[in-house]
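Structure first, then comments.
To find a chain, count down the sequence lines: A is the first, B the second, and so on, and within it residues start at 1.
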There are 2 protein chains.
Amino acid sequence: MRDERFCASNCSFTRAIGTIGNKWKPIIINVIGTRTVRFGQMDSIIPHISRKVLTEQLKELEEDGLLTRIAYKELPPRVDYRLSEKGLAFLPILESIKEWNLKYEVALTPKENDRITYSK
Amino acid sequence: MRDERFCASNCSFTRAIGTIGNKWKPIIINVIGTRTVRFGQMDSIIPHISRKVLTEQLKELEEDGLLTRIAYKELPPRVDYRLSEKGLAFLPILESIKEWNLKYEVALTPKENDRITYSK
DNA sequence: GAATCTGGTTACTGCGAGGTAACTACAAAA
DNA sequence: TTTTGTAGTTACCTCGCAGTAACCAGATTC
């Protein structure tokens, strides 16, 4: 899931991409934001993610110091996730990605074969 | 290679991640920068990427309007790649990722079994 | 006694990303 | 005449990402 060749690169930028350059991590960081979020919340908020993948991604984000996992010794279990200073510092970058996309995303142009054709 | 569920999302941010949220695209955009770069150049500059994957990624980046492909009718073939306005507008984001990583990347802590041990 | 609630973990499985190698066209050089 | 150089494309194969389902603990509710 994490590409060792990226993480072991001597290029800082490549290592950074190895850390956050996949589709789930920016989504997860964005969902947490400045809040404290429980595992089950993320599981239901984020579309199409499986519990297994969510667990893996959260574990990697924790290992890379982007978030903090707080497990309460209760039953049924309760686990909170919160962004660390490093994770919080990444939020402005996500904001600029949002602005960038809003400004430049091409309007969905109808493809040739999607066009309405007048047949007799 | 591109996740349809992301590209078809009604969330602009999710679509953005669908566009540039993988490991190769930020690397490619960063390598091109403000220059004009040939296919073979990228192939030799970017470590560990295969021609096949490079071709695919470049095609998707072109489809998403991030870069321009300029093919000269010569033999042997010559193809230039250059960032579009949209692609150029993404460069500052990559810069802030670099700064973010420089600031927060944890110092590589030696693992237990990498430590020097004094054996008799 | 059974069901529920939560945050996982594990085993099984399939599909597809991605690697490799071979092949292309054609001109110019050796 | 053979080789070289460029930018791919194609066929083939493998590995592993990720989906699914089952299972767990143990307190609380029904």
Next on the checklist: Show, in sequence, the C-alpha distance, side-chain angles and deciding distance for T36(B) and R82(B), and conclude whether the side chain to side chain donor-acceptor pair (under 3.5 Å) test is met.
Outcome noted: CA-CA 5 Å; T36(B) 296; R82(B) 194 178 301 174; 3.0 Å; yes
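- In terms of hydrophobic clustering, with Ile, Leu, Val, Met, Phe, Trp and Tyr side chains grouped at heavy-atom distances under 4.5 Å, L91(A) and L102(A) are assigned to different clusters.
- Rounded to the nearest 0.5 Å, atoms CD1 (I28(B)) and CG (L54(B)) are 5.5 Å apart.
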Item to check | N22(A) and Q57(A): CA distance, side-chain angles, deciding distance, side chain to side chain contact (heavy atoms under 4.5 Å, CB included) verdict | outcome: CA-CA 10 Å; N22(A) 80 31; Q57(A) 298 292 316; 3.2 Å; yes
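- Taken from CZ in R5(A) to CD1 in I49(B), the straight-line distance is 9.0 Å, to the nearest 0.5 Å.
- One distance of note links OG1 of T19(B) with CH2 of W100(A); it measures 6.0 Å at 0.5 Å rounding.
- Under the 4.0 Å criterion applied to side-chain N and carboxylate O atoms, K98(A) and E95(A) are assigned as salt-bridge partners.
- Side-chain N/O atoms of R38(A) include one lying less than 4.0 angstrom from OP1 or OP2 on dG7(C).
- Protein atom CD1 of I45(B) is 12 Å distant from nucleotide atom P of dA7(D), rounded to whole Å.
- The distance between atom CG of D43(B) and atom P of dT6(D), rounded to the nearest whole Å, is 11 Å.
- Atom NZ in K59(B) sits roughly 12 Å away from atom C1' in dA7(D) (whole-Å rounding).
- Remark: C1' of dT9(D) and CZ of F39(B) are 11 Å apart, rounded to the nearest angstrom.
- Heavy atoms from other residues, nucleotides or ligands lying under 6.0 Å from CD of E85(A) number 12 at most.
- One atom, CD1 of I49(A), and another, C1' of dG8(C), lie 14 Å apart when rounded to the nearest Å.
- Computed from coordinates, the I46(A) CD1 to dG19(D) P distance equals 12 Å when rounded to whole Å.
- Aromatic ring orientation, F39(A) versus Y81(A): tilted (interplanar angle from 30° to 60°).
- For residues 64-78 of chain A, proximity to DNA chain C is found at R69(A), P76(A), P77(A), R78(A), defined as any non-hydrogen atom under 4.0 angstrom from a strand atom.
- Counting to the nearest Å, the P atom of dT10(C) and the CG atom of L54(A) are 17 Å from each other.
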Check nucleotides 15-18 of chain D against the protein and report each pair of N or O atoms closer than 3.5 Å, with its distance, or say if there are none.
{"residue": "dC17(D)", "atom": "OP1", "partner": "M1(A)", "partner atom": "N", "Å": "3.2"}
{"residue": "dA18(D)", "atom": "N7", "partner": "K52(A)", "partner atom": "NZ", "Å": "2.8"}

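- Look at CZ on R51(A): it is 13 Å from C1' on dC23(D), rounded to the nearest Å.
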